Amino acid sequence: MAEIDNLLSVTVRLAYVLLFISVVHTENTVVFQPSFLTTTGPAVSVFLLGNSSDISLNVRTVSPSSITGSAGSPSCVAEATQWLLTRELLGKTAVRVQLRLNHSLRLCGENDTNTDCCPKPLCVLETLQVSACKDGTPQASLLIQARIHALLSPTNSGSDNKTVIPNQVYQPLGSCPCDLTFRACDVRCCCDKDCSSEDLKLFLADCLPGPFGGYVSPAPDYQCSVQASENSPDWFPFLCVHSPPENNPYLGLFYQGHTIASNPGPSFQRPVLSAPVPVNGYIQGSPILTLSEEYFTIPQKVLGRCANTAPVAFLKNFKVECVSLLRSCPTESPLLTLPTDLSIKVKNGQGGDVVVDVVDEVATDLSPFISKEDTAASSDERLVCENVSLVLDYKFYWEGNGISGVTLTRTVGTIAFNGSVALTTRYSAVFLNGEFMGEPNSGNPGYQVGRPVIAGIEDTSDNNTGLIQRTSINLWKPVSDGLCSTAEKKPVLLGENSTSGCLLPVSRQNLTECNLLRETVTALQDALTAATFVARIGNPDLSALTDWVNISFVRLNSSTTTEDSGSACSGIPSYQHIHVWSLVTSMVDGIPQREIRALEVRYGLTTWALECGGGAVSSCVDPEETQLFPITSSVTFTNIPINTGPPKTRFQINFTEYDCSRNDVCWPELAFPVTKYYTGEPYSQSLAKGIILVFFFVTASILGTPWRQIRQVWNSAVL
Amino acid sequence: MAFYEVYSHPAVVRYRTSVCTKATVFLLVVLGLTYISPLLVAYRSQGFWVKRSTYEEQPVVKFQYETLLVAATSVQGDFVAWSSFSHLNNMLGNNLRIPAVSVIEVDQNHDGKLDLLIFQLQLPLKPDEQIYSIQLLLTFSYQLFRMSTVVMQSLAYVQHSSSVPGAKLFISGDLKLQQRVPLPHRGLYNVYNVSVIDGSSPFASSYDLDNIIRSYQDRNLSTVLSCPMPVWTVGRAAGSPFELNAEIRYPLEVISYRPGFWETIKLAWIQYVSVLLVFLWVFERIQRFVFQNQVLTTVPVPVGKPHLS
């Protein structure tokens, strides 16, 4: 409604102005509209109507005559005032004239040196005369009566000076909720203690009503503090309420309810990719960085395939084989790289950098790298790819928390194929302390399960005897066709029973020379365990013979070599069995330490004869035709139990009353919840609860009939 | 005139004896037999102490939005992969293929606990690629509250392969809890509240499925996706993506726990007392017989005679 009124008044005023424009236009004069006004603010806006093309405007301060009360005739003499006058052309015959107070309305503080302030609360009280002059003669005049109060709001912005509002759940906003600004008078807030009596005079008629204005209703009469002693009701003081005055009915009036911040659950947000952090010395497992603060990468296996940009961790050795299917010559890293791309600078962890030292080797035999050649597909053209990187072997030399050097041995080769080829490339990284990779011990002090068994041979090359050279005990590790000529060896690991073997092609020609054959097989088997000692403990001292145990070889002497016919040889040591007796001697940090007590190598003798049955006649006829005979080796670990004691009698085996692992209702578990067998609660707690229970039972039972009986007995005994 | 019993009341007859008599020994023996024998009977007949008990609870499961997908695209061993781990995606290089993934978690019975995860994945493929196998790993947060509070991170692993290239794989299964040892009956159990996959690690070994599954299966408490019937649909239209639709339910679980001290005692007490009642009755009869017939010499004090002491 108010808006409509406003609009209406504006329209009416505009119509009036327009009417006036038409009036003054005819008379060719100028006139102020309105010609008199009173202002309480620092800005005044009036219209000057008429042909104002060569009109000048002057402002001066006038004082009304004390006799007539009139302000005197307009004058065209300009005078310095504290007002700024601006004019703005609205149309041909209308100018908006604006006057703005060029003065701060801030109330001067005490000892205020800045003069741009109001000394009194009533800051400006004057009459202004604005004259519109043409050729030095006033054409129209405007009188403005200015009566401006100083602004009482604080000069500093109020936002950072809010009244601290206590928690609205437990405390009312205070005795004066409209006191919004701290240490300053809030306008219309009559309860604000910061308002002086002069301030209050300004807005005493317009105080904010209700609780917000601080008009909290008087304390209710049930409050004990309200009742006066002489005028009290008859129920006083028995039925009055003691309650702090803060606990009034307006408690929580301004409380808008509790808001809970919703907890965002997990979602498909892309996790922040953490950039490599700069290193101050590497620790085990921290990524190695290049000089440009990027990860140093070597191809590694990810999800079964090799990823080219896998970071390398400090002190984590690895060795991977990558198979890639080539259909054309490789053009990019890592298969085709320039040495300059490989010799990058790596941060050494000590503030400096080391350059990867690249050594190239050329592979002549490509058979370990090309596993499958698919010639069926387009076999027209034969591709020849040169300088393909087949092996990248990195060696990191480390010392303390830094890397002292990196060498890369790169094996390149030229591969040629039709169609496509499966190329196997090998990548490895080893961390070496000093010049050599430390030979790992198999435990300290005792052996640990899964570590290689350390064997030794007496070093006879040097004069200083007694020094033992480390070696290992091996089993066969057949590769590809499983023949002994190609078979590799793998070390025997402690506690890992295993068997393996290889095949030896034997012809009829060989079987006629049985002694030679026996020697050949024996030599093959002996190569597996070329040692005379085995280390008793996991970190043997190479000079102390006490750390070593002799290996006992049991060779069945094939004295009965009489059955060597032309097509069969007996007594061939084709089976090698290694038997290791070990013993748990102690525990270190809960890890059992094992010790090898004895190692025995036993050879099993078999008779080899050619199978000529069925259709396989050719090998019996042709002396050069071979048959395959197996040579096997196996290892067995036997744990010597400690303190087995005498063997159990049949009674001990059958009597399980006290053996809870073999009897569910064994006697030690009779009071199960208070025994060590109960794991539902800590032993101390269950014991305490059990004692409480027993105490109550004993008390309850003694206080009944038994107590009477005991008392009778006691009394009669005393009597 | 016939008589009838108009009223009856028991009369107390006291039997007195001195301490060192056969009667005292007899009394002690009877007391021992009465109270200790039921314990032995109840214990030796098995099941006296409850060592494991079960309760039912539907877990609070939330999908963690961590995903790892590997799909073999040829019989030669080519594959495409995608994960929600940036480090892994960076390492994958050309093998990275971004699928379209959508996830809905549904609370079907409106009890405030999620019941069903609908996971849909569409993997775009090149014209010469076919899907022969799929490996999918999803992680969840798993919480139990009724007995001990269990908070853990768990995973579901789906692996399916076929010699025939597929167009779609549909999986509908339950995320079942696997327990190796019973849970404690109270307290907080958050040993396994660690990420299944360390997404912050830049190293290849952190994303090795072998390592992930090995360390996960090492846990005493884990979840497994029980999906007995995966549906492999063949016949992918040209240009259409491979679709993987999984519906994973979070079912009510029967969880075993070690009963607390008082629960163990309570259940044992019930068994003990029920056997004890029989023994009390029997030995009461024996005692009455012995003292009434003066098998053991005592001094009976008839009714009404005042106490001597």
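Per chain, numbering begins at 1; letters A, B, ... match sequence-line order. Just so we're clear, the structure is a prediction, and the values are computed from it rather than from any experiment.
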Worksheet item: Is A:F268 close to B:S84 at the side-chain level, that is, under 4.5 Å between some pair of heavy atoms?
Response: no
NZ of B:K113: more than 12 outside heavy atoms within 6.0 angstrom?
yes
Turns out that what part of B:D78 lies under 4.5 Å from chain A's heavy atoms comes down to both
Requested in this report: Answer whether the closest heavy-atom distance between the side chains of B:R258 and A:E681 falls below 4.5 Å.
Outcome: no
* B:F63 side chain reached by A:P266 side chain, heavy atoms, under 4.5 Å -> no
Okay, B:Y43 and chain A: the region with an atom under 4.5 Å from a heavy atom over there is both
Determine, step by step, whether B:L92 and A:L303 satisfy the side chain to side chain contact (heavy atoms under 4.5 Å, CB included) criterion, reporting the C-alpha distance in whole Å, the side-chain angles of both residues, the deciding distance to 0.1 Å, and the verdict. CA-CA 9 Å; B:L92 286 171; A:L303 306 175; 4.1 Å; yes
Bottom line for B:L31: the part with an atom under 4.5 Å from chain A's heavy atoms is neither
Backbone of B:A204 reached by a side-chain donor or acceptor of A:Q300 within 3.5 Å: no
Bottom line for B:P259: the part with an atom under 4.5 Å from chain A's heavy atoms is backbone
Counting heavy-atom pairs under 4.5 Å with chain A, the top scorer among B:F48, B:F261, B:F79 is B:F261
Under 4.5 Å to a heavy atom of chain A? For B:T67 that would be side chain
Q: Taking atom CZ of B:R44 as the centre, report whether more than 12 heavy atoms of other residues, nucleotides or ligands fall under 6.0 Å from it.
A: yes
Most contact-rich option vs chain B, by heavy-atom pairs under 4.5 angstrom, among A:A310, A:P311, A:G690, A:C306, is A:P311
Assert top hit (heavy-atom pairs under 4.5 Å, partner chain A, pool B:Q135, B:E66, B:Q64) equals B:Q64
Residues of residues 664-677 of chain A with a heavy atom under 4.5 Å from any heavy atom of chain B, in residue-number order, are A:D664, A:V665, A:C666, A:W667, A:E669, A:L670, A:A671, A:F672, A:P673, A:V674
**Item:** Within 6.0 Å of CZ in A:F655, more than 12 heavy atoms from elsewhere
**Value:** yes
Sorted by chain and residue number, the side-chain hydrogen bond (donor to acceptor under 3.5 Å, both in side chains) partners of B:S154 (sequence neighbours excluded) come out as B:T223
request  = Could you check if a side-chain atom of A:T309 sits within less than 4.5 angstrom of a side-chain atom of B:N90, using non-hydrogen atoms only?
outcome  = no
The interface call for B:L183 against chain A, heavy-atom contacts under 4.5 Å, is neither
Residue pairs meeting disulfide (SG to SG under 2.5 Å), one or both in residues 71-103 of chain B, sequence neighbours left out, come to none
Heavy-atom count around B:Y189 OH within 6.0 Å, excluding the residue itself: above 12? yes
Cut-off 4.5 Å, heavy atoms of chain B, and the answer for A:T679 is both
Fill in: B:N94, CG atom: more than 12 neighbouring heavy atoms under 6.0 Å
no
Decide side chain to side chain contact (heavy atoms under 4.5 Å, CB included) for B:W262 and A:L693; before the verdict, give the C-alpha distance in whole Å, the side-chain angles of both, and the deciding distance to 0.1 Å.
CA-CA 10 Å; B:W262 294 118; A:L693 204 63; 3.6 Å; yes
Inset, instruction - Taking the side chain as every heavy atom from C-beta outward, state whether A:K316 and B:S205 have any atom pair closer than 4.5 Å. - result: no
Sorted by chain and number, sequence neighbours left out, ring-ring contact (aromatic ring centres under 6.0 Å, His included) with B:Y257 holds for B:Y55
Turns out that what part of A:V323 lies under 4.5 Å from chain B's heavy atoms comes down to neither
